[in-house]
Amino acid sequence: MPVIALIVIGAAAGFLATRLMRIEADIPTTMLIGIAGALVGGFLLRALITVAGWLSGFVGAVLGALLVIWIWQTYLRR
């Protein structure tokens, strides 16, 4: 998600977050909280997806290796 979109969404998220947490803050502070939260959350989510991508690749590689071993033991080894 582009940084500009994170800023716009963050301003709205800051309003919602301050209401959910029952924090009284002025408008600039509310926007700053939301924008900072959106930027941090966006970058953390991007990093998590990257790590999950690596982990899914590793799991796929292990499953593939298990399949190759099973085929080798079942059909090729005598």
Side-chain angles (χ1 to χ4, degrees):
M1 184 176 287
V3 174
I4 300 297
L6 288 175
I7 291 172
V8 171
I9 292 170
F15 174 77
L16 184 61
T18 56
R19 297 304 172 250
L20 290 172
M21 297 295 291
R22 296 184 181 148
I23 295 172
E24 292 296 326
D26 57 353
I27 293 173
T29 303
T30 300
M31 290 177 62
L32 184 62
I33 289 169
I35 291 169
L39 291 172
V40 169
F43 291 128
L44 285 176
L45 183 61
R46 189 174 299 163
L48 181 64
I49 289 172
T50 301
V51 169
W54 292 340
L55 288 176
S56 65
F58 178 72
V59 169
V62 169
L63 292 176
L66 290 172
L67 179 64
V68 168
I69 290 170
W70 178 78
I71 291 171
W72 177 66
Q73 287 182 341
T74 303
Y75 297 108
L76 301 176
R77 198 168 109 181
R78 297 180 186 194

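The analysis underlying the following values was restricted to heavy atoms, covering all of them including side chains, and did not include hydrogens, waters or symmetry mates.
- Rounding to the nearest 0.5 Å places CG of Leu48 at 15.0 Å from CZ of Phe43.
- Here Trp72 contributes atom CH2 and Leu76 contributes atom CG; the two are 9.0 Å apart, rounded to the nearest 0.5 Å.
- For the atom pair OG1 (Thr30) and CD1 (Ile35), the distance works out to 10.5 Å, reported to the nearest 0.5 Å.
- Applying the side chain to side chain donor-acceptor pair (under 3.5 Å) rule to pairs touching residues 8-25 yields nothing, sequence neighbours excluded.
- Under a 4.5 Å side-chain heavy-atom cut-off, the cluster of Ile, Leu, Val, Met, Phe, Trp and Tyr residues that includes Met21 is completed by Ile23.
- The number of heavy atoms from other shown groups lying within 6.0 Å of CG (Leu63) is above 12.
- Here CG of Leu32 is found 13.5 Å from CD1 of Ile27. Values are rounded to the nearest 0.5 Å.
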